[in-house]
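Down below is the structure, laid out as structure tokens.
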There are 2 protein chains.
Amino acid sequence: MADGPAPRRRTRRTDPGRRDRIIDACLDVVVANGVSGTSHRRVAEAADVPLGSMTYHFTGMDELLREAFTRYARTVSDRFERRMSEAADVGEARRAVVAMITSDVVTSRRDLVLTHELYTLAAREPAFRDITNAWMARSRHALERHFDPTTARLVDALIEGLTIHRALDTPQDPPGGGAGYDTALVVDAVERVTADPG
Amino acid sequence: MADGPAPRRRTRRTDPGRRDRIIDACLDVVVANGVSGTSHRRVAEAADVPLGSMTYHFTGMDELLREAFTRYARTVSDRFERRMSEAADVGEARRAVVAMITSDVVTSRRDLVLTHELYTLAAREPAFRDITNAWMARSRHALERHFDPTTARLVDALIEGLTIHRALDTPQDPPGGGAGYDTALVVDAVERVTADPG
DNA sequence: CCCGGCTGCGTACGACCGTACGCAGCCGGG
DNA sequence: CCCGGCTGCGTACGGTCGTACGCAGCCGGG
């Protein structure tokens with residue numbers, strides 16, 4: 001604020017990863033202001049790049065958002081796949097699922113906000129639906145390491161639903177720990193869904 | 001378009017329900033353009049009221065959105081409660097749940113968009129979380145007519161998750177019918193979740 | 001009838017937006 | 001060295017936004 005007439009930032013001719021910084025900054029801005037409050041100017045400021053870079057590197061907000069959310073979805077997918085591949089058997093897979101639903105590590109407020117913003121975009125535009133479809137496909141595939149396809153699908157849906165409920169139940173973002181979410185309930189839920197009725 | 005210089009709409013002094021019309025129009029605009037594309041001007045045009053009415057009846061977009069989504073949540077809650085109270089026993093309740101997940105009647109594209117927009121707002125602002133909390137409480141209460149509290153909660157989560165997956169799976173809004181969603185899967189899911197393991 | 005006050009609206013203003021356009025500054029070939 | 005071209009950016013423009021402000025038009029008391 002009030003930083004003189006024109007700081008005249010040194011021209012940085014070669015700044016590889018500038019595009020990447022913009023994409024990351026875009027996600028930050030979305031978390032802070034929502035998609036509706038995300039503008040070229042705000043992202044540029046957050047990424048510390050000149051406004052002109054926005055239209056140079058991206059054809060518009062749509063492309064930027066698409067790339068940003070693609071990256072986000074990949075990040076979350078990777079995390080999920082790693083967890084599932086680390087599980088040695090079905091029991092561990094179940095526990096991993098429970099841990100992911102109840103843990104703040106995976107379901108931080110940031111993730112909740114980004115996920116819902118993405119779903120909202122996907123609900124309206126097919127281009128974003130491609131992103132969520134790929135994400136869901138990877139999730140299901142990861143779950144199929146330990147569960148049959150139908151169960152995998154149901155577990156996936158259960159994670160979705162419980163995560164949302166947990167997010168909306170929690171009045172504030174608690175600094176640490178269990179967020180008051182009932183672990184026993186989640187264990188029960190996972191048991192029911194993964195129990196083969198046949 | 002091109003309707004003369006100034007139609008000079010007759011001054012309507014007493015127009016009860018103008019506020020209501022604005023709220024309804026707001027939901028329409030949100031469906032069409034998203035919360036990010038919802039402005040006083042667009043809502044005013046959709047509701048056929050002068051721009052000035054916006055700030056007269058509402059302190060700002062936030063209040064308008066809050067009222068609009070409160071109304072929306074109540075509408076959906078009512079629908080759900082009615083369905084549940086119409087079910088005579090557990091079996092009918094189960095079938096009703098399956099029907100709601102698979103049917104387009106309840107889960108139209110409009111509902112999907114509005115629900116996700118609401119969740120997105122709720123993920124960020126506590127004021128909107130109050131709306132979703134009330135909604136969820138009513139849903140659970142309705143389910144508790146037929147299921148024990150834990151099961152009710154799980155069924156609620158399952159509806160949420162399956163609805164989302166269904167929404168994102170569906171590439172387009174199909175004109176009629178089942179949307180290609182696997183009814184057998186949903187039946188299976190509901191059976192698993194409502195099966196008492198004890 | 002007359003008129004003060006209040007309800008409701010038309011409008012104009014300043015802020016912020018996306019983006020087209022033109023010009024720096026570097027880089028390779030001659 | 002010289003210079004054409006291309007990469008990347010600063011800026012200015014047209015448009016949309018929310019909202020403050022002032023003025024119509026009606027309504028009740030005298």
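Just so it is clear, the structure is predicted and the values come from calculations on it, not from any experiment. Residue numbering restarts at 1 for every chain, and letters A, B, ... go by the order of the sequence lines. The basis for the numbers below is simple: all heavy atoms, side chains too, and nothing from hydrogens, waters or symmetry mates.
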Grab the [atom1]-[atom2] distance between [X] and [N] for me, whole Å please.
X	N	atom1	atom2	value
Met54(B)	dA12(C)	CE	P	20 Å
Leu51(B)	dC13(C)	CG	C1'	13 Å
Ile22(B)	dG8(C)	CD1	P	11 Å
Leu64(B)	dG18(D)	CG	P	10 Å
Asp62(B)	dG18(D)	CG	P	12 Å
His57(B)	dG8(C)	NE2	P	6 Å
Tyr56(A)	dC6(D)	OH	P	12 Å
Phe58(B)	dG18(D)	CZ	C1'	15 Å

- Taking for each residue the nucleotide of DNA chain C bearing the nearest heavy atom, is the 5' side occupied by Gly52(A) or by Arg42(A)? Arg42(A)
- What are the two closest heavy atoms between Arg21(A) and Asp48(A), and how far apart are they? NH2-O, 3.8 Å
- Message: Wobble G-U and Watson-Crick pairs count when both distances are under 3.5 Å; given that, what is the 5' to 3' dot-bracket string of DNA chain C, with | for pairing to other strands?
- Response: ||||||||||||||||||||||||||||||
- Query: Residues two or more places apart in sequence or in another chain: which of them pass salt bridge (Lys or Arg N to Asp or Glu O under 4.0 Å) with Glu144(A)?
  - Reply: none
- Query: Any Lys/Arg nitrogen of Asp111(B) or Arg79(B) sitting under 4.0 Å from an Asp/Glu carboxylate oxygen of the other?
  - Reply: yes
- Query: Stepwise, does the salt bridge (charged side-chain N to carboxylate O under 4.0 Å, His left out) test hold for Arg19(B) with Glu67(B)?
  - Reply: CA-CA 10 Å; Arg19(B) 226 185 108 95; Glu67(B) 295 217 24; 2.3 Å; yes
- Message: Quick check for you: among dT7(D), dT19(C), dT19(D), whose closest atom lies nearest to any side-chain atom of Thr55(A)?
- Response: dT19(C)
- Message: Let's see if you get this right: which residues in residues 28-41 of chain A place a heavy atom under 4.0 Å from DNA chain C?
- Response: Ser39(A), His40(A), Arg41(A)
- Decide yes or no on salt bridge (charged side-chain N to carboxylate O under 4.0 Å, His left out) for Asp130(A) and Arg66(A), but give the supporting numbers first. CA-CA 10 Å; Asp130(A) 292 343; Arg66(A) 239 176 307 136; over 6 Å; no
- Atom CD1 of Ile101(A) and atom CG of Leu158(A): how far apart are they, to the nearest 0.5 Å? 5.5 Å
- Query: For the residue pair Tyr72(A) and Trp135(A), does the interplanar ring angle fall in the parallel (under 30°), tilted (30 to 60°) or perpendicular (over 60°) class?
  - Reply: perpendicular
- Determine whether more than 12 heavy atoms belonging to other residues, nucleotides or ligands lie under 6.0 Å from atom CD of Glu45(A). no
- Note on the structure: Only one of Arg83(A), Arg138(A), Arg71(A) passes salt bridge (Lys or Arg N to Asp or Glu O under 4.0 Å) with Asp78(A), and that residue is Arg138(A)
